[in-house]
Amino acid sequence: MNLSTHPLQRLLPTSSRLVLGCMGLGGDWNHDPSSETDVARAHAAIEAALDIGITLFDHADIYTLGKAESVFGTLLRRTPSLRERVLLQTKCGIRFKGFQHDAGPKRYDLSAAYIEAQAEHSLARLGTDHLDLLLLHRPDALMETEEIAEAFTRLRRSGKVRHFGVSNMQAGQMAWLSRALDAPLAVNQLEMSLARLEPFEAGTCFNDPQAGVRPGALAWAGVMEYCQQEGVQLQAWGSLAKGRYTAEQARLPADEPVRTLIAELAHAHGLSREAVMLAWLMRHPARIQPVIGSSDPARIRACGDAMKLVMSREDWYALYQAARGAELP
Ligand SMILES: NC(=O)c1ccc[n+]([C@@H]2O[C@H](COP(=O)([O-])OP(=O)(O)OC[C@H]3O[C@@H](n4cnc5c(N)ncnc54)[C@H](OP(=O)(O)O)[C@@H]3O)[C@@H](O)[C@H]2O)c1
């Protein structure tokens, strides 16, 4: 198994297998301006990511209320050659009170006007003339696929966005949206990890009432298969499970079996525990791209080890079963 190949490379050949999630950059989720310390922290995180071969950086308009994109933009303005070394992905569609002077309730907005306005805001904050990928952050109950298609077409024709994708969408929603589009969806970004097993459970345990499948898992049915069939890149957010299985101190006694197995595998292979977490995702034949949300340069570097481990079927299932907390049916 060649760990570096993945579907997105067909569209963006320089795309890396790991993605740096930028949600932690720029400071806190408030209206205080980013400081030079925040810029320096972002710089250190980006340098660590580049050092381990990461080229794809994941943003959203809302991250730290726009400051994540802005600090990244500050660094791009200071070192313009950096833009040629990175691929920029951002997302839009979530609105809430206080974000960009919004006064309304929390809501999703995939209207053409909002998608196009947010693309412009992201371009301005990032200080770039194009986004490599723009994702719809969450499905909008009021979305109209023809309208989304029109927005995508205008953004692509103007050269402002190269490719489009979605996040947190079911297979049926992707198929429905795709019928209206004039180009295939490039990405679906879902929460997937040893702490979020639903996409795996939906395919393996669906027909056994005794299997202990998590409530709601069946809503994920078919999404992994759909993405593989259509060549859509699956990206995993929350891929480190926020350190639940890798932090020095256990947070929940029930996590011990997974924590122990991860530590044992890391020791056996001479790799970091983060690498084992990510290698579990990367072993799936969908060639999942883990999005790592760390801003800590040492932890980002530790994630780079993931490319060194092709997990055996036995180890993959041992971790899956330990994380389920119950034997497979
Ligand atoms: N599409 C969506 O709806 C969606 C939703 C959420 C996030 N995302 C994207 O996915 C990325 C990752 O998501 P995420 O941040 O939720 O998940 P994550 O990568 O699982 O977790 C990252 C967080 O966990 C902490 N962490 C990781 N390992 C740790 C350890 N061993 N000890 C202590 N802390 C540890 C990190 O702290 P340090 O910084 O100190 O390492 C960071 O705060 C985000 O940056 C964003 O780009 C997308």
Side-chain angles (χ1 to χ4, degrees), residues 16 18-29 38 41-42 44-46 48-49 52 54 56-64 66-69 71-72 86-96 106 108 110 122 126 133-140 165-170 185-197 199 223 233-252 255 258-259 262-263 266 271-278 280-282 288-306 323:
S16 51
L18 297 179
V19 181
L20 187 74
C22 296
M23 191 168 73
L25 306 185
D28 294 326
W29 288 63
D38 295 323
R41 283 201 183 118
I46 294 165
I52 62 162
I54 288 181
L56 180 53
F57 292 81
D58 179 64
H59 285 271
D61 52 356
I62 55 171
Y63 290 168
T64 56
K67 290 187 286 186
E69 289 181 337
V71 289
F72 210 104
V86 299
L87 296 167
L88 295 176
Q89 166 174 293
T90 195
K91 315 182 201 75
C92 66
I94 300 180
R95 305 182 71 162
F96 49 86
K106 180 149 191 194
Y108 306 133
L110 298 182
S122 290
L126 288 161
L133 286 150
L134 177 65
L135 312 189
L136 306 178
H137 208 152
R138 297 196 71 90
D140 168 11
V166 296
S167 179
N168 305 306
M169 270 203 193
Q170 299 167 333
L185 288 168
V187 167
N188 187 11
Q189 190 179 106
L190 299 170
E191 186 178 11
M192 292 188 277
S193 75
L194 283 163
R196 196 69 207 250
L197 294 173
V223 69
Q233 178 69 55
L234 272 164
Q235 295 180 345
W237 66 267
S239 62
L240 296 173
K242 294 211 180 282
R244 178 171 162 184
Y245 301 124
T246 52
E248 287 307 321
Q249 296 297 319
R251 296 169 198 164
L252 299 167
D255 290 346
V258 184
R259 292 172 57 82
I262 287 179
L271 303 171
S272 65
R273 286 172 288 187
E274 285 78 8
V276 175
M277 281 288 292
L278 302 177
W280 187 81
L281 283 170
M282 292 164 72
I288 294 166
Q289 266 185 321
V291 183
I292 54 174
S294 178
S295 313
D296 176 341
R299 207 174 337 267
I300 293 169
R301 288 197 173 86
C303 291
D305 275 355

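Residue numbers run from 1 in the order of the sequence given. Ligands are counted one by one from 1 in listed order, and the atoms in each one are counted from 1 as well. Computed from a prediction, not measured in an experiment: that's the story for all the values here.
Put simply, the side chain of Leu135 does not reach to within 4.5 Å of the side chain of Thr90, judged on heavy atoms. Asn188 places a side-chain heavy atom less than 4.5 Å from the side chain of Leu190. A heavy-atom distance below 4.5 Å is not found between the side chains of Tyr245 and Val276.
The protein atom (non-hydrogen) at minimum distance from atom 36 (C) of ligand 1 is Ser294 CA, 4.2 Å. The shortest contact between atom 14 (P) of ligand 1 and any protein heavy atom is with Lys242 NZ, 3.6 Å. The nearest heavy-atom contact from the protein to atom 39 (O) of ligand 1 is Ser295 N, 2.8 Å. Here the heavy atom of the protein found nearest to atom 47 (O) of ligand 1 is Asp58 OD2, 2.6 Å. Asn168 ND2, 2.9 Å is the protein heavy atom nearest to atom 3 (O) of ligand 1. Scanning all protein heavy atoms for the shortest distance to atom 17 (O) of ligand 1 gives Gly238 CA, 3.3 Å. Of all protein heavy atoms, the one lying nearest to atom 27 (C) of ligand 1 is Gly243 N, 3.6 Å. Shortest contact from atom 8 (N) of ligand 1 to any protein heavy atom: Tyr63 OH, 3.2 Å.
Ligand 1 has no atom lying under 4.0 Å from any heavy atom of His59. For the ligand labelled ligand 1, residue Gly24 lies outside the 4.0 Å heavy-atom shell.
Taking distance alone, with nitrogen or oxygen atoms compared against 3.5 Å, Lys91 stays at or beyond that limit from ligand 1. Residue Ile292 places no N or O, backbone or side chain, under 3.5 Å from any N or O of ligand 1.
In Arg299, the part holding a heavy atom less than 4.0 Å from any atom of ligand 1 is the side chain. Of all the heavy atoms of Glu274, the ones lying under 4.0 Å from any atom of ligand 1 belong exclusively to the side chain. Residue contacts with ligand 1, taken as heavy atom pairs separated by less than 4.0 Å, involve Ala241 solely via the backbone atoms N, CA, C and O. Proximity of Ala60 to ligand 1, defined as any heavy-atom pair under 4.0 Å, is not found for any part of the residue.
Close approach of ligand 1 to Val291 is summarised as follows: ligand atoms under 4.0 Å from at least one heavy atom of the residue are 10 (O), 11 (C), 12 (C), 47 (O). Every atom of ligand 1 is numbered from 1 in the order shown, and the set under 4.0 Å from a heavy atom of Cys22 is 45 (O), 47 (O). Annotation for ligand 1: atoms under 4.0 Å from non-hydrogen atoms of His137 are 1 (N), 2 (C), 3 (O). For ligand 1, the atoms lying closer than 4.0 Å to a non-hydrogen atom of Gln189 are 1 (N), 2 (C), 4 (C), 8 (N), 9 (C), 48 (C). Applying the 4.0 Å criterion to heavy atoms of Met23 picks out, from ligand 1, the atoms 6 (C), 7 (C), 15 (O), 16 (O), 44 (C), 45 (O), 46 (C). Listed by number with element, the atoms of ligand 1 under 4.0 Å from a non-hydrogen atom of Leu240 are 18 (P), 19 (O), 20 (O).
Formation of a donor-acceptor pair under 3.5 Å by the Asp305 side chain with backbone atoms of Leu271 is not found in this model. Side chain of Asp38 to backbone of Leu25: no donor-acceptor contact under 3.5 angstrom is found. In this structure, Ser193 contributes its side chain and Leu240 its backbone to no donor-acceptor pair below 3.5 Å. Side chain of Ser167 to backbone of Gln189: a donor-acceptor contact under 3.5 angstrom is found.
When the salt bridge (charged side-chain N to carboxylate O under 4.0 Å, His left out) test is applied to Asp58, the partners found at least two apart in sequence or on another chain are Lys91.
With rounding to the nearest 0.5 angstrom, the SG atom of Cys22 is 8.5 Å from the CG atom of Leu88. The CG atom of Leu194 sits 5.0 Å away from atom CH2 of Trp280, with the distance rounded to the nearest 0.5 Å. Going from atom OH of Tyr108 over to atom CD1 of Ile94 covers 5.5 Å, rounded to the nearest 0.5 Å.
Within the structure, salt bridge (charged side-chain N to carboxylate O under 4.0 Å, His left out) pairs that include any residue of residues 288-299 comprise Asp296-Arg299 (at least two apart or interchain).
The environment of CZ in Arg259 is crowded: more than 12 heavy-atom neighbours from other residues, nucleotides or ligands sit within 6.0 Å.
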